[in-house]
Amino acid sequence: MKFFIDTANLDQIKQANELGILDGVTTNPSLMAKEGITGHDNIMKHYVDICNIVNGDVSAEVIATEYDKIIKEGEALASLHENIVVKVPMIKDGIKAIKYLSSNNIKTNCTLVFSAGQALLAAKAGATYLSPFIGRLDDISYDGVSLIEQIVYIYNTHGFETEVLAASIRHSNHIIKCAEAGADVVTCPLDPILKLLDHPLTNIGLEKFLADYKKGN
Ligand code: G3P
């Protein structure tokens with residue numbers, strides 16, 4: 001399973017990358033705004049900065065919602081760096097654009113996915129990645145992890161190559177549950193990744209090992 005970090009914060013991307021476990025980055029317009037990255041040129045430069053940190057796929061989201069404009073914007077994003085994956089929303093023109101972009105060897109990430117039907121359409125269109133938002137489903141009392149299980153089952157049954165990229169991860173147990181469900185990728189903020197390190201018995205055990213070493217030295 002691949003680990004992506006879901007942020008536009010360069011410091012956090014560097015921290016995750018230095019752990020040696022990072023396979024890529026996902027961003028969205030909200031995450032860019034959170035870092036104060038505004039204006040076309042600044043946003044484009046920021047994508048290149050991210051690509052220069054991480055040796056892996058970097059999702060950059062289109063703002064356009066009409067087919068022709070999504071294509072134009074997607075091609076411009078893809079030309080920034082070889083690691084760019086064009087993130088396209090799950091709408092009718094988005095599906096058509098994913099079909100065009102994937103047929104022209106541009107990687108795509110179909111975003112804002114909340115149902116198995118949407119997942120089927122994205123896979124048929126040839127999306128490289130599919131981003132079901134599991135935390136936002138949990139927020140409205142649906143079961144986000146169950147959707148991952150359902151999509152993984154459908155893709156495996158029919159041999160679709162689209163990778164299931166579990167997004168909108170809220171905590172480290174989401175990461176474990178998505179791993180169990182067979183997600184190809186999880187994308188999450190730095191904190192849930194770092195929390196995977198924690199276990200009280202590890203801390204207690206390490207303290208004892210170090211104390212016992214000191215007794216004899
Ligand atoms: O990148 C998309 C997704 O991960 C958003 O997460 O926390 O805004 O629901 P969230």
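First listed ligand is number 1; within each ligand, the first listed atom is number 1. Numbering starts at 1 and runs along the sequence shown.
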Looking at Arg170 and Asp139, is there a salt bridge between them, counting it only when a charged N and a carboxylate O are closer than 4.0 Å? yes
For ligand 1, which atoms sit closer than 4.0 Å to a heavy atom of Arg170? 7 (O), 9 (O), 10 (P)
Hey, is Lys45 close enough to Asp49 for a salt bridge, meaning N to O under 4.0 Å? yes
Purely on distance, is any nitrogen or oxygen of Asp6 under 3.5 Å from one on ligand 1? yes
Could you walk me through whether Asn52 and His81 pass the side-chain contact (heavy atoms from CB on, under 4.5 Å) check? CA-CA 9 Å; Asn52 287 334; His81 194 283; 3.9 Å; yes
Test your reading of the structure: does Asn28 have an N or O sitting under 3.5 Å from an N or O of ligand 1? yes
Looking at ligand 1, does any of its N/O atoms fall within less than 3.5 Å of an N/O of Thr26? no
Is ligand 1 under 4.0 Å from a heavy atom in the side chain of Lys87, in the backbone, in both, or in neither? side chain
Nearest neighbour in protein (non-hydrogen) for atom 6 (O) of ligand 1: Ser168 CA, 3.3 Å
Ligand 1 atoms nearer than 4.0 angstrom to some heavy atom of Ala167 are 4 (O)
Among all protein heavy atoms in this structure, tell me which lies nearest to atom 5 (C) of ligand 1, with the distance rounded to 0.1 Å. Arg136 NH2, 3.7 Å
So does Asn104 have more than 12 non-hydrogen atoms from other groups sitting under 6.0 Å from CG? yes
Hey, is NZ on Lys2 packed in by over 12 heavy atoms from elsewhere, all under 6.0 Å? yes
Using distance alone, with no hydrogens and no angle criterion, decide if Asp11 and Gln15 have a side-chain donor and acceptor under 3.5 Å apart. yes
